There are 2 protein chains.
Amino acid sequence: MKNKIQVQPVMDALEIIGGKWKFPILYSLCGGKKRFKDLLEDIGKITPKMLSSELKSLECNGLVSRKAIATVPVTVEYELTEYGETLEPLLRHIQAWGINHRKKIIDSIK
Amino acid sequence: MKNKIQVQPVMDALEIIGGKWKFPILYSLCGGKKRFKDLLEDIGKITPKMLSSELKSLECNGLVSRKAIATVPVTVEYELTEYGETLEPLLRHIQAWGINHRKKIIDSIK
DNA sequence: CGGCATCCACAATGATACTG
DNA sequence: CAGTATCATTGTGGATGCCG
């Protein structure tokens, strides 16, 4: 009768994809490969320092791949790995919820 | 040809359900109404201070309802609101991803 | 039991400037 | 362009005590 809840896996997941910027970064990469600067612009308020360290963490956990191309100046492309793509439904779901939430807020003001 | 990505709604959603503890708290409440102490035990490492402030924030955003029952000592029950329940699929999805992720890590060690 | 208040410590994040 | 270095600010965590 008692609903057994296992919170631990949620905590595990958040260790990888938690934090302030990982979802936005991953969501931005749902749109296909992006350069460092594209990510900065997509996300808007993130600083280069945070973006850099978050990308490093995501790369370390196998969710994102980094490819440096030796042009002048340098070009670097970031992309979701196959494993990272397993998060796409989740990311789109969050985005959809966010859109709906904003709509709800606007309605509540009128 | 260019995939237009709107990251902003993701940021909006994370303002409400982001942070270190909100997903675990909400996920724990997927199992039905819980008392303050039950939440503390479910989540494990959270302190009363953090739990209290996070619950207040969630209540403020209409995701969680609080009901105090005048027993001695006091009983307080927290529950997902109807609006909070719209997050259930998302929460279960994250949990499932976390379980799968742990499995992947274990496999990679063997 | 279910909190809130206070104080302290430290990690995460941010602003700005600078470099290969 | 794609970051790194440095410094300042904020967020989060812990301990303790108090109260309805």
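Quick caveat: nothing in here was measured; it's all calculated off a predicted structure. In the text below, chain A, chain B and the rest are named by the order of the sequence lines, each starting its count at 1.
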Compare the minimum distances between each of D/dC1, C/dG14, D/dG3 and the side chain of A/Lys49, then state the nucleotide with the smallest one.
C/dG14

Measure from the side chain of A/Phe36, starting at C-beta and using heavy atoms only, and say which of D/dA2, C/dT13, D/dT4 lies closest.
D/dA2

Using a strict threshold of under 4.0 Å (side-chain N to carboxylate O), is an ion pair present between B/Asp107 and B/Lys110?
yes

How is B/Thr71 classified with respect to the nucleic acid when contacts are heavy atoms under 4.0 Å: base, sugar-phosphate, or nothing?
nothing

Over how many whole Å does the gap from A/Leu55 atom CG to D/dG3 atom C1' extend?
11 Å

If you assign each of A/Val74 and A/Lys20 to its closest nucleotide in DNA chain C, which residue comes earlier from the 5' end?
A/Lys20

Between D/dG13 (P) and B/Ile43 (CD1): distance, integer Å
12 Å

Whole angstrom is fine here: how far is it from CG in B/Leu51 over to P in C/dG2?
10 Å

Side chain of B/Arg66, heavy atoms from C-beta onward: which of C/dG14, C/dG3, D/dG3 has the nearest atom to it?
C/dG3

Looking for any heavy atom pair under 4.0 Å, which part of the strands does A/Lys45 touch: base, sugar-phosphate only, or nothing?
nothing

In whole Å, what is the span from the CD atom of A/Glu15 to the P atom of C/dA12?
11 Å

Here the distance between atom P of D/dA2 and atom CG of A/Leu40, to the nearest Å, is 9 Å

For the pair A/His101 and B/Tyr83, name the ring-plane relationship: parallel under 30°, tilted 30 to 60°, perpendicular over 60°.
parallel

Length of the CD1-P vector between A/Ile46 and D/dG3, whole Å:
12 Å

Earlier contact from the 5' end, DNA chain C, for B/Pro48 and A/Glu54:
B/Pro48

Kindly indicate whether a cation-pi arrangement holds for B/Lys67 with B/Tyr78, taking the cut-offs as under 6.0 Å to the six-membered ring centre and within 45° of the axis.
no

Are B/Arg35 and C/dG2 close enough that a side-chain N or O sits under 4.0 Å from OP1 or OP2?
yes

Candidate nucleotides C/dT13, C/dG3, D/dG13, ranked by approach to the side chain of A/Trp21 - the nearest
C/dT13

Please confirm whether the shortest side-chain N or O distance from A/Tyr78 to OP1 or OP2 of D/dG3 is below 4.0 Å.
yes

Return the value, rounded to whole Å, for the distance between atom CG of A/Asp38 and atom C1' of D/dG3.
15 Å

From the candidates C/dC1, D/dT4, D/dA2, the one with an atom nearest any side-chain atom of A/Ser52 is D/dT4

Measure the distance from CD on A/Glu59 to P on D/dA2 and round it to the nearest whole Å.
14 Å

Pairing of A/Lys33 and A/Glu77 as salt bridge, 4.0 angstrom limit
yes

Counting heavy atoms from C-beta on, name the nucleotide in C/dG2, D/dG3, C/dG14 closest to the side chain of A/Thr47.
C/dG14

Are the aromatic rings of B/Trp97 and B/His93 close, with centres under 6.0 Å apart?
no

